[in-house]
Number of protein chains: 2
Amino acid sequence: MSSAPRRADARRNRARLLETAHALFAERGTDASLEEVARRAGVAIGTLYRHFPTREDLLAGLFERSLQELADEADALLAEPVGVEDVLGWLRLFASHSGTYRGLPRSVLVGLDEEGSPLHASCTRMQGGAARLFAAARAAGSIRADVSTEDVLAIVAGIAWVVEQVGGDGRADRLLGLVRDALAAVR
Amino acid sequence: MSSAPRRADARRNRARLLETAHALFAERGTDASLEEVARRAGVAIGTLYRHFPTREDLLAGLFERSLQELADEADALLAEPVGVEDVLGWLRLFASHSGTYRGLPRSVLVGLDEEGSPLHASCTRMQGGAARLFAAARAAGSIRADVSTEDVLAIVAGIAWVVEQVGGDGRADRLLGLVRDALAAVR
DNA sequence: ACCTGAACACCGTTCAAGT
DNA sequence: ACCTGAACACCGTTCAAGT
């Protein structure tokens, strides 16, 4: 899915843009100035737009690998019988990845939900991993059968957003703990 | 807390700015252009800044009443023995108010957490109501004793944000249902 | 005491001209 | 095939000048 330009200078520029964007987004969040990204990468603004027509495309380029890792990790957990704590561990990972940059939880949530998003393909692959993990956990009787993967990912993206906004020691763990208790609850 | 200017023209301008901002925020979210607010209100941009030094001050002016209503509603529920569904009903109300404008959940969350926020005083009053309601529910054995009001408000603000981002029929109710199950769960 | 609006600094996005 | 950078439209914020 990630477009690899043919010309060597184009490949170099693309790589430099990704590196620079990563550094700047990590520093100031995903709404950092694209002009500054281009400036720091040493290319003209038009070059940035040629490689990444929208900010979301740039984000997709940056976050693709991370989403693949999440899918792989979910599949790795399938080996053993899947307990609630395995699910919680994976959700913690998901929240943590989603919090890589300030502003990213929003893009992940939208990427999961909207076909038009440049992140959609990668998010869908990641959701596939989650769905397999959840199915195994349900089969093992570890979590409720009446809660969708989609809703769980949505609420955990919400938690990632909360933590991004107000942080606070241990808050992520406490809020994720509520999700675990809801998943484990018998109704 | 809401400053009432002495001069009649100033009072009129303040009121017009609030009306106009409400309409525009409802239409485009809380990051709508302040220049357009001033333009539509028929005042110069400097007048807007005199009345509301920051966007957050404007939001505080708009949302004060709503937060007071939430506090009152929580106290009204204290009359009867407080069950889980009462708590859930109030949380639904909180989520709904927080979703008045796109972008508002963020300001509410930050207003709850940060003393510096112009929304902090109103949010704190509202949190007071929530705290009394929760205490009554705990005393009645309706909800767990080991979950803080603060954390519940935070996760529900997260849900309001999720719904603001991706909506979806019944999603708000399903996610709030997870919070209810977590609150009702025995550990 | 309050209002006006020009001025400054910055940004997103497009596109004609170049190599 | 790709890069450059000027051009356009828009915005947030401040502040000297007015009434």
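Below, chains carry the letters A, B, ... as their sequence lines are ordered, and counting in each starts from 1.
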For [X] against [Y], the heavy-atom pair lying closest together:
{"X": "Leu34(B)", "Y": "Leu48(B)", "answer": "O-CD1, 3.5 Å"}
{"X": "Leu18(B)", "Y": "Gly61(B)", "answer": "CD2-C, 4.0 Å"}
{"X": "Leu88(B)", "Y": "Leu176(B)", "answer": "CD1-O, 3.5 Å"}
{"X": "Glu64(A)", "Y": "Ser122(A)", "answer": "CG-OG, 3.2 Å"}

Exercise for the section: Return the residues of residues 15-26 of chain B meeting this criterion: a heavy atom under 4.0 Å from some atom of DNA chain D. Order them by number, or give none. Expected result: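 Those residues whose heavy atoms fall under 4.0 Å from DNA chain D, taken from residues 15-26 of chain B, amount to none.
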
Problem - Summary of ring pair (Phe, Tyr, Trp, His ring centres under 6.0 Å) pairs that have at least one residue in residues 60-95 of chain A, sequence neighbours excluded - result: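 For residues 60-95 of chain A, and leaving out neighbouring residues, the ring pair (Phe, Tyr, Trp, His ring centres under 6.0 Å) pairs sorted by first residue read Trp90(A)-Phe94(A).
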
Under a 4.0 Å threshold between the charged nitrogen and the carboxylate oxygen, would [Y] count as salt-bridged to [X]?
{"X": "Arg40(B)", "Y": "Glu36(B)", "answer": "yes"}
{"X": "Arg55(A)", "Y": "Asp31(A)", "answer": "no"}
{"X": "Asp113(A)", "Y": "Arg171(B)", "answer": "yes"}

Practice task
Indicate whether the side chain of Glu56(B) and that of Ser107(B) have a donor and an acceptor atom separated by less than 3.5 Å.
Solution key: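 There is such a pair between these side chains.
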
Practice task
To the nearest Å, give me how far apart CZ (Arg50(A)) and P (dG5(D)) are.
Solution key: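 To the nearest whole Å, that distance equals 16 Å.
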
Handout entry: Distance in angstrom units between Leu48(A) CG and dT4(D) P, rounded
Key =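 Between P of dT4(D) and CG of Leu48(A): 11 Å.
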
Practice task
Assign a letter to each nucleotide of nucleotides 12-19 of chain D from its 5' end: B, base within under 4.0 Å of a protein heavy atom; S, sugar-phosphate only; -, no contact.
Solution key: BBBB----

Completion exercise
Annotated structure of DNA chain C as dot-bracket, pair cut-off 3.5 Å, Watson-Crick or G-U only, | for inter-strand, is ||.|||||...|||||.||

Handout entry: Among dC3(C), dC3(D), dG5(D), the nucleotide that comes nearest once only the side chain of Ala10(B) is considered
Key =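 For the Ala10(B) side chain, the nearest candidate turns out to be dC3(C).
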
Problem - Options dC2(C), dT4(C), dT4(D), nucleotide nearest the side-chain atoms of Val43(A) - result: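 Closest nucleotide among those given: dT4(D).
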
Practice task
Establish, with yes or no, whether the OP1 or OP2 oxygen of dC3(C) is under 4.0 angstrom from a side-chain nitrogen or oxygen of Asn13(B).
Solution key: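 It does, given that an N or O in the side chain of Asn13(B) lies less than 4.0 Å from OP1 or OP2 of dC3(C).
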
Handout entry: Phosphate OP1/OP2 of dC3(D): any His51(A) side-chain N/O under 4.0 Å
Key =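 For dC3(D), OP1/OP2 do have a side-chain N/O of His51(A) under 4.0 Å.
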
Problem - Residues which pass side-chain hydrogen bond (donor to acceptor under 3.5 Å, both in side chains) with Gln127(A), listed by chain and number, not counting sequence neighbours - result: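 For Gln127(A), no residue satisfies side-chain hydrogen bond (donor to acceptor under 3.5 Å, both in side chains) once neighbours in sequence are set aside.
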
Practice task
Please identify each residue that fulfils side-chain hydrogen bond (donor to acceptor under 3.5 Å, both in side chains) with Glu73(B), with sequence neighbours left out.
Solution key: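 Once residues adjacent in sequence are excluded, Glu73(B) has no partner under the side-chain hydrogen bond (donor to acceptor under 3.5 Å, both in side chains) criterion.
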
